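Report on the structure given below.
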Amino acid sequence: MTQPAPRLPLASEAATLALGAALAKGALPGRVLFLSGDLGAGKTTLVRGFLRALGWTGRVKSPTYALVELYALSGLNLYHFDFYRFKDREEWVSSGFREHFNPESLCIVEWPEMAEGLLSPPDLHVTLEISEPGRRASFLAHSHAGREWRSAALASLLRS
Amino acid sequence: MLILGVESSCDETGLALYDSDAGLLAHALHSQVAMHQEYGGVVPELASRDHIRRVIPLAREVLAQAGRELNALDAVAFTEGPGLAGALLVGAAFAKSLAFALGVPAVGIHHLEGHLLSPLLSKRPPAFPFVALLVSGGHTQLMRVTGVGNYELLGETQDDAAGEAFDKTAKLLGLDYPGGPAVSKLAESGRPGRFKLPRPMIGSNDLEFSFSGLKTAVMLLARSQPGDAATHADIARAFQDAVVDVLVAKCMSALQRTSLERLVVAGGVGANRQLRAGLDAAAARQGFEVFYPELELCTDNGAMIAFAAALRWKGGLPKPDTTFSVRPRWELSLAG
């Protein structure tokens with residue numbers, strides 16, 4: 001069962017990065033995070049905060065062109081997908097990306113809408129909306145792990 | 001030495017035949033082949049990254065164009081990386097199988113090496129050493145190139161590539177994605193100076209780039225303005241002015257820092273007219289020379305792969321072997 005989505009105001013880019021870092025507390029293999037939001041809403045920025053918190057010091061490039069970027073972290077393969085360039089949701093099938101959604105990998109997906117109906121529900125689905133001058137995040141959990149993930153992230157943000 | 005080049009790192013499937021004596025004999029991209037004829041039906045959109053369907057018809061196409069037979073090949077060159085693993089594997093498997101059948105070597109080439117050597121295929125080739133700007137939908141980086149196989153990364157984008165910013169700006173202005181060329185066309189009718197957008201990292205005192213914030217600035221500007229055609233053209237102009245200013249400033253800085261005198265520009269955004277005009281003007285003022293590949297070789301293509309292989313293996317080809325790999329992530333500086 002899903003629960004109503006809590007909303008969180010994000011006043012600045014720093015707040016989006018901090019949300020990414022808070023979500024990284026739940027970075028466990030096998031988990032799946034969806035990220036929705038318009039162009040410029042801060043999805044890749046959130047992933048940058050997530051990866052920085054896990055100790056990744058290299059570049060965090062937009063995966064739009066390459067469709068996926070792999071980050072080999074200690075004890076975890078993190079796949080950062082971006083389906084923005086899919087012209088047809090069937091491209092999800094022909095891409096062969098399904099094999100990366102396995103118990104050993106953590107998958108973050110931007111633009112999951114482009115493969116709507118073909119993807120299994122994620123543990124947690126974060127939506128970023130533009131709410132000038134900042135952004136607003138909402139959180140929809142689809143599994144027990146997702147509810148834990150969301151609670152831990154929001155608690156961590158409250159503490160900081 | 002006759003080499004078949006195979007490029008399949010991302011969206012384009014490109015094949016080409018290069019002869020080290022006679023030069024480029026033929027090259028073809030997937031869009032140039034009548035796929036309908038080959039397959040007796042419409043190729044569905046979902047096959048847009050389906051290199052498997054394209055690679056053999058394109059190979060036949062370039063052989064026919066050049067009037068050569070398969071058994072005349074001395075080697076097959078393929079893009080080994082970086083790129084999308086599945087896409088790279090198609091080109092690698094095709095190249096290795098064909099080479100095995102012919103008893104010739106198949107050699108893997110770095111995609112970006114292909115791009116940055118491509119201006120050497122033009123009528124006015126640059127001499128080494130030079131600074132190379134690789135600027136496309138997937139890459140924005142500056143390299144110091146002292147010879148074939150000698151590449152040093154000077155700086156690159158921290159987030160979005162310049163071409164990606166063009167494509168996303170197109171979407172924000174109501175054009176189709178990818179719409180980089182459409183943004184450039186729109187910018188030509190835009191008034192300079194009506195809007196001012198940030199020049200990210202222009203004063204960063206290094207050779208790094210960032211274009212994600214510029215995309216966001218375009219989004220916020222477009223939301224705050226009426227959506228009429230003239231306003232969109234003015235926004236496109238402001239965007240293109242910002243990108244060109246940053247690229248020109250970083251290129252000039254790279255030339256000054258390296259004490260080199262020649263700049264080579266490769267990749268799809270290198271076809272942008274305002275960028276070329278900006279680079280040419282700045283270079284002329286400071287006494288530098290700028291070199292570009294032929295327009296048709298700015299985007300991904302097989303010619304640059306065959307050509308890079310010919311330069312790399314000038315002194316003699318390696319022995320054929322049947323093992324192969326692809327490298328989806330591969331730093332160019334490690335390809336030397």
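As the structure is a computational prediction, the values presented were derived from the model and not from experiment. Numbered from 1 within each chain, the chains take letters A, B, ... in sequence-line order.
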Identify the residue among B:Thr13, B:Leu89, B:Asp11, B:Val6 that makes a side chain to side chain contact (heavy atoms under 4.5 Å, CB included) with B:His51. B:Thr13

So which part of A:Arg48 gets closer than 4.5 Å to some heavy atom of chain B, the side chain, the backbone, both or neither? side chain

Is chain B contacted by the side chain of A:Glu13, its backbone, both, or neither, given a heavy-atom distance below 4.5 Å? neither

Pick from A:Thr45, A:Thr44, A:Ile130 with the largest number of heavy-atom pairs that fall under 4.5 Å of chain B: A:Ile130

For the interface with chain A, which of B:Lys215, B:Glu156, B:His139 has the highest count of heavy-atom pairs at distances below 4.5 Å? B:Glu156

For B:Gln158 and B:Ser204: C-alpha separation, side-chain torsions, deciding distance, then whether side-chain contact (heavy atoms from CB on, under 4.5 Å) applies. CA-CA 12 Å; B:Gln158 306 288 309; B:Ser204 62; over 6 Å; no

Output field: ring centroids A:Phe81/A:Phe101 closer than 6.0 Å: yes

Is B:Glu331 atom CD crowded by more than 12 heavy atoms from other residues, nucleotides or ligands, each under 6.0 Å away? no

